[in-house]
Number of protein chains: 2
Amino acid sequence: MTTSVPGGEPRDLGGDELVRVLATLANPHRLRVVAALSRERMYVSELARALGISRALLQVHLRKLEAAGLVTARVEVSEDGKAMKFYEVNRFAIQLTPETVEAAERTLTPPGDGPGEQKTKGSM
Amino acid sequence: MTTSVPGGEPRDLGGDELVRVLATLANPHRLRVVAALSRERMYVSELARALGISRALLQVHLRKLEAAGLVTARVEVSEDGKAMKFYEVNRFAIQLTPETVEAAERTLTPPGDGPGEQKTKGSM
DNA sequence: GGCATGTGCTAACTTTTTTTGGCATGTGCA
DNA sequence: TGCACATGCCAAAAAAAGTTAGCACATGCC
């Protein structure tokens, strides 16, 4: 109803996921990467040249984008035997309004919980 | 069409603005602040108690939220003469999809431009 | 006055994120 | 073999963000 999802079937993201996706998108380089890939898929070196940044830097950003589920990597071997890693954007649709934020906040990991915490709520 | 706006009449945000808003929302504390204020407006100390964080910390976050245009402050004098600073959320509606990101990216400040740059585009 | 409430500020510290540079691997081809 | 192009990784530096602690001010009230 409010936010939609990167991977799999459309469903709402939880608070922690939302924070992660927003943090990932909140960067000029990564925004450019998403924009570039949304126009056409590209392989790493190609993308690095297109954006004018180093491969090392680009890889870090691509890794974050992938971790957030915003892009997907696909390794393909070109005709001349080179192994190229192609990236493409995943479909996603996130709606941000005070209401959706309020809803997401309810599923945030409670403060004080250090790293490695899980929601001990339902069954299991 | 894609993203909407915090202040004034609805209009789309530019790339830099989008990055700023996303970066602002990409934080658990600030997400909680927006959620809390979207339920009911509160004054600083009250909000700090509600969230269980220090006023100093809260103020930093409130400042960022205000700078991003997500919340608004309003100083009011209570019956007993205390000056309280009430905060409330501003209306905003941002849509995030590969397309809206692509559109926003086009208006990003070109890379390499250090701090203190302006878009030499429209009038003014 | 002393205590509770509200506000503000800043300096310093800790943590996270971003960026750079170097080095290693593999391929095809002249 | 040596060059061009593809991939990967890692350590260290640099920059940005988050957090804490302490102090300042004002008010009303016992």
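We use all heavy atoms of the structure for the numbers below, so side chains are in, but hydrogens, waters and symmetry mates are not.
A distance-only check finds a donor-acceptor pair linking the side chain of A:E17 to the backbone of A:G14 [under 3.5 Å]. Under a 3.5 Å cut-off, the side chain of A:E66 and the backbone N or O of A:R63 do not form any donor-acceptor pair.
Each of A:L65, A:L62, A:L25 was compared with A:R30 under the side-chain contact (heavy atoms from CB on, under 4.5 Å) criterion, and only A:L65 meets it.
A search for salt bridge (Lys or Arg N to Asp or Glu O under 4.0 Å) contacts involving B:R55 returns nothing, not counting sequence neighbours.
Mapped onto DNA chain C by nearest heavy atom, A:K82 and A:S54 fall at different nucleotides, with A:S54 at the one closer to the 5' end. Between A:E79 and A:R30, the residue whose closest nucleotide on DNA chain C is further toward the 5' end is A:R30.
As judged by a 4.0 angstrom heavy-atom cut-off over every strand, A:V75 is placed among residues making no nucleic acid contact. Residue contacts for B:A56: at a heavy-atom cut-off of 4.0 Å it reaches a base atom on one of the strands shown. Across all strands shown, A:V77 has no heavy atoms under 4.0 Å from either base or sugar-phosphate atoms.
Look at B:R41 and B:E76 and you find a salt bridge, because one of the NZ, NE, NH1 or NH2 atoms lies within 4.0 Å of a carboxylate O, short of that distance. Comment: A:R39 engages B:E105 in a salt bridge, judged by a side-chain N to carboxylate O separation of less than 4.0 angstrom.
Within the 4.5 Å cutoff, no side-chain heavy atoms of B:L22 are placed close to those of B:V19. In this structure the side chain of A:V44 reaches within 4.5 angstrom of the side chain of A:Q59, judged on heavy atoms.
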Under 3.5 Å for both distances, Watson-Crick or G-U wobble, that's the pair rule; now give the dot-bracket for DNA chain D, with | marking pairs to another strand and [ ] for crossing ones.
||||||||||||||||||||||||||||||
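Between chain A and DNA chain C, the heavy-atom contact criterion of under 4.0 Å yields a 5' to 3' nucleotide range of C:dT17 to C:dG28.
For D:dG18, the OP1/OP2 oxygens have a side-chain nitrogen or oxygen of B:N27 closer than 4.0 Å.
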